[in-house]
Amino acid sequence: MLSRELIDSLFPADLPEPAYWEERYPPRGLPDGALVTRFAPSPTGWLHIGGIFAASINVALARQSGGVYVLRVEDTDQARFHEGALAQFEAGFDYFGIEADESDLGGVTRGRYGPYTQSARASVYQSYVRELLRTGKAYPCFETPEQARARTARQQATGALPGYYGEWALWRDAPEEQVRERLDAGDSYVVRFRSPGAGRRVSFTDAIRGELSADDNRNDIVILKSSANALRLPTYHLAHAVDDHLMRITLVLRAEEWISSVPLHHQLFDALGFGRIQYAHIAPLMKQDGGSRRKLSKRKDPEASVGFYIEQGFPPEAVRYYLRGLANGRLAELPLPEALAAPIRLADFGTAGPLLDMVKLDDISADFVSTLTGDEIVDRVLPWAGGYDPDLAKTLSAERPLALRALSIERGEGVANPRKDLRKWADFRPVYGYFFPEIFVPVTDPSDERFGGLSPDLVRALAAGFADGYQPPSASPEAAWFDQIRALAAALGFAPNQKTYKKDPDAYSGSIADASAVIRVLITGTRRSPDLAAICAALGADEVVTRARAVLG
RNA sequence: GGCCCCGUCGUCUAGAGGCCUAGGACGUCGCCCUCUCAAGGCGGUAACGCCGGUUCGAAUCCGGUCGGGGCUACCA
């Protein structure tokens, strides 16, 4: 064992003892059953949608049990730190309404267990590393990265298990003189954990998966990164043990890729003298890729990034509802408000990774939007457009009454079967844009394919006839308004209905549906729209006639 | 290579030995409604990865196998 004097010389003289931290971060004294949870992302870019998934579960678990939800930033990897990631985290959490009880986000520390950013807690970890060194449960290791690579290569070549253990662990029991020599030479070192693992099997309980077992860890993993770094930070494993213990977390819910590390983490907690914490490992969100499925990847899949949902303007309620249903299948069968209010149960989690189904999300989203009033929709589209479609934002705020008229067609109060044509705010322009003269692009070419292949002459005749004799919808029923199109179509040789047309296609110019499609395209620029009479009422007679004439040149 | 996790319709899942000729939802297909959509109504399609075993009886238990995913970093 290395001398106390040598070990202490490795750290600042004023570095606190572990007892200091224990006192500074006392047990929370919460009632039994109150869960203290956390979500701990790394600031390496946009938050992954899986992060929102995990964060929402953590908040729900904390809130429903009367506990606390902590947001911790794990920035121990300085090389991968991404400028702006923190702001994007904030934007993401904000969008989805996920608010931490304790965090550093926004530049303000809320909570008395902070700081909640690992790079700001370097001395906390160091106190514990020094303690581990003093008690011989850790040791300095001077193996260089090149040597480590060579070691791994040799292990692979000989079929040995990779890692730093047994005969490969050259610095595990190095004599003090040797250590001192390298230190004097100014060589950098890392600190490794002296694993007590003896190659036995261990078993443990996962809150979601139940009883699990594995080979015990016997690898002397690195716990404190190279002394060559200006800021000496720990690796994930040590940081996890120290932070989750000191922040008095009671449930560590994380992705299943960490299951393999549980034996190691137990060793670490034991060596540190910490009580073990309950783990719950959730399956990652997956993506279909050819014949197989893989983890959703931020690099390859746009829908993996939280930014995607914000840019597209998916209502957060819909996304949260969908995600909640993925967490607990039972909740997917409940109506949205009930599902969002119902408790999440760890035991109800599936253990296989679900595929993210964007079609299903669209369906949920369309359902949700159909329950909103026109005012609510405008209030949501406006801020979205402010960021992603400035022209639309301008138009919308100038023409709010028109927008409300547009959004009252076949939706809103008293409508038994509301339209479900809006899934996300980016849909607004393609679906409702034609209501606004400022952003509407008239159809001027009579042979435009949107007219369905009708002859240009017929298109012009329809347009002229409609414009010339145009009767705006009055108090009269919509059916009566449509009569003018019927009459016009009949005069131009269109069949009065589909059935008649189908019986003898050659006898007609087309069916009433074809004629009406032309009017529709003239007025809206698209073959898909709500009731024509209602649209024309919203637009006003002048605009309708102008649009109809656009194709006459 | 070693170890770990996972495996019911295309997707999310219900199912904890007989209630299962496997249920629901989304998708998809057909029909109805209809001036086009979006919907809505009705109906259909479609799954227990495979092989053994235990049992009177297995999607459910056991073993194996195949497939997918993960860990095996001074990344988390």
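Every chain is numbered from 1, with letters handed out A, B, ... down the list of sequences.
- Among the heavy atoms of the strands lying under 4.0 Å from A:Pro145 is at least one base atom, whether or not backbone atoms are also near.
- A gap of 11 Å separates the C1' atoms of B:A25 and B:A14, to the nearest Å.
- Backbone-only engagement by A:Ser42 is indicated by non-hydrogen atom pairs under 4.0 Å involving sugar-phosphate atoms exclusively.
- The side chain of A:Arg486 lies closest to B:C35, out of B:A76, B:C35, B:U36.
- Partner of A:Trp171 under the ring pair (Phe, Tyr, Trp, His ring centres under 6.0 Å) criterion, out of A:Tyr165, A:Tyr139, A:Phe142: A:Phe142 alone.
- Distances were taken from every side-chain heavy atom of A:Asn229 (C-beta onward) to each of B:C74, B:C4, B:C6; the shortest belongs to B:C74.
- Minimum atom distance to the side chain of A:Thr76 is reached by B:A76, of the listed B:C5, B:A76, B:A38.
- Nucleic acid contact class of A:Val190 (heavy atoms, under 4.0 Å, all strands): base.
- For A:Lys420, no side-chain nitrogen or oxygen approaches OP1 or OP2 of B:C37 to under 4.0 Å.
- When rounded to the nearest whole Å, the span between CG of A:Asp244 and P of B:A76 equals 15 Å.
- The gap from the C1' atom of B:U45 to that of B:G63 amounts to 36 Å, rounded to the nearest Å.
- If you check B:C37, B:C74, B:C75 against the side chain of A:Arg528, the one that comes closest is B:C37.
- Within 4.0 Å (heavy atoms only), A:Ala513 reaches sugar-phosphate atoms of the nucleic acid but no base atom.
- With values rounded to the nearest 0.5 angstrom, A:Phe193 atom CZ is found 9.0 Å from A:Arg172 atom CZ.
- Going from atom CG of A:Asn328 over to atom P of B:U13 covers 11 Å, rounded to whole Å.
- The CZ-P distance, from A:Arg423 to B:C26, rounds to 16 Å in whole Å.
- Here the P atom of nucleotide B:C37 and the CG atom of A:Asp514 are 11 Å apart, to the nearest Å.
- When the P atom of B:G68 is taken as reference, atom NZ of A:Lys287 falls 19 Å away, rounded to whole Å.
- Annotation: cation-pi pair A:Arg232/A:Tyr189 present, NZ/CZ under 6.0 Å from the ring centroid and within 45° of its normal.
- Distances from the side chain of A:Glu74 to the nucleotides B:G10, B:C4, B:A76 place B:A76 closest.
- Within the cation-pi definition used here (under 6.0 Å to the ring centroid, within 45° of the axis), A:Arg72 does not qualify as a partner of A:Phe39.
- Residue A:Lys225 places no side-chain N or O under 4.0 Å from the OP1 or OP2 atom of B:A73.
- A:Asp220 has its CG atom 16 Å from the P atom of B:U72, to the nearest Å.
- Within 3.5 Å, a donor on the side chain of A:Arg520 pairs with an acceptor on the base of B:C35, or the reverse.
- If you take atom P in B:G30 and the same atom in B:G69, they sit 35 Å apart, rounded to whole Å.
- Within 3.5 Å, a donor on the side chain of A:Asn417 pairs with an acceptor on the base of B:A39, or the reverse.
- A:Gln118 comes within 4.0 angstrom of no nucleic acid atom, judged by non-hydrogen atoms across all strands.
- Taking only distance into account, the side chain of A:Asp362 never meets the base of B:C26 through a donor-acceptor pair shorter than 3.5 Å.
- What separates NZ of A:Lys295 from C1' of B:C5 is a distance of 13 Å, to the nearest Å.
- You'll find that the side chain of A:Pro354 is closest to B:U13, out of B:U13, B:G10, B:C74.
- Remark: B:C71 base-pairs with B:G2; criterion is Watson-Crick or G-U wobble with both hydrogen-bond distances under 3.5 Å.
- At whole-Å resolution of the value, CD1 in A:Ile223 and C1' in B:C75 are 17 Å apart.
- Judged by the 6.0 Å distance and 45° axis criteria, A:Arg192 is positioned over the aromatic ring of A:Tyr164.
- Using cut-offs of 30° and 60° on the angle between ring planes, the pair A:Trp481 and A:Phe466 is perpendicular.
- No engagement by A:Thr526 is indicated, since no non-hydrogen atom pair under 4.0 Å with the nucleic acid exists.
- Comparing B:C6 with B:U13, their C1' atoms sit 15 Å apart, to the nearest whole Å.
- The aromatic rings of A:Tyr236 and A:Trp258 sit parallel to each other, their planes meeting at less than 30°, with 60° as the upper class boundary.
- Screening A:Asp427, A:Ile377, A:Ile364 for a side-chain contact (heavy atoms from CB on, under 4.5 Å) with A:Val369, the sole residue that qualifies is A:Ile377.
- Across all strands shown, the partner of B:G30 is B:C42, judged by Watson-Crick or G-U wobble contacts whose two distances both fall under 3.5 Å.
- Comparing B:A39 with B:C29, their P atoms are spaced 13 Å from each other, to the whole Å.
- Between A:Asn497 and A:Leu326, it is A:Leu326 whose nearest contact on RNA chain B lies nearer the 5' terminus.
- Shown here, B:C61 forms a base pair with B:G53; the pair counts as Watson-Crick or G-U wobble because both key distances fall under 3.5 Å.
- Using a 4.0 Å heavy-atom criterion, one finds that A:Arg330 contacts no nucleic acid atom at all.
- Across all strands shown, A:Thr44 has no heavy atoms under 4.0 Å from either base or sugar-phosphate atoms.
- Base engagement by A:Pro162 is indicated by at least one non-hydrogen atom pair under 4.0 Å involving a base atom.
- Rounded to the nearest Å, the gap between the P atom of B:G68 and that of B:C62 is 24 Å.
- The residue among A:Arg201 and A:Ser226 whose nearest nucleotide of RNA chain B lies closer to the 5′ end is A:Arg201.
- The nucleotide B:G7 finds its pairing partner in B:C66, both defining distances of the Watson-Crick or G-U wobble pair being shorter than 3.5 Å.
- Both distances falling under 3.5 Å, in either a Watson-Crick or a G-U wobble arrangement, occur for no nucleotide opposite B:C20.
- The aromatic rings of A:Phe349 and A:Phe53 stand perpendicular to each other, their planes meeting at an angle above 60°, with 30° marking the opposite boundary.
- Each of B:C74, B:C4, B:C6 was ranked by its minimum atom distance to the side chain of A:Ala352; first place goes to B:C6.
- For the C1' atoms, the distance linking B:C48 with B:G17 amounts to 15 Å, nearest Å.
- Across B:G69, B:U72, B:C75, the shortest atom-to-atom separation from the side chain of A:Met286 is found for B:G69.
- For A:Glu256, taking side-chain heavy atoms from C-beta onward, the closest of the listed nucleotides B:C37, B:C5, B:C74 is B:C5.
- On the C1' atoms, B:G27 is 24 Å away from B:C20, given to the nearest whole Å.
- In A:Glu449, the CD atom is not crowded: 12 or fewer heavy atoms of neighbouring residues, nucleotides or ligands sit closer than 6.0 Å.
- Listed nucleotides: B:C71, B:A39, B:A76. Nearest to the side chain of A:Ser260: B:C71.
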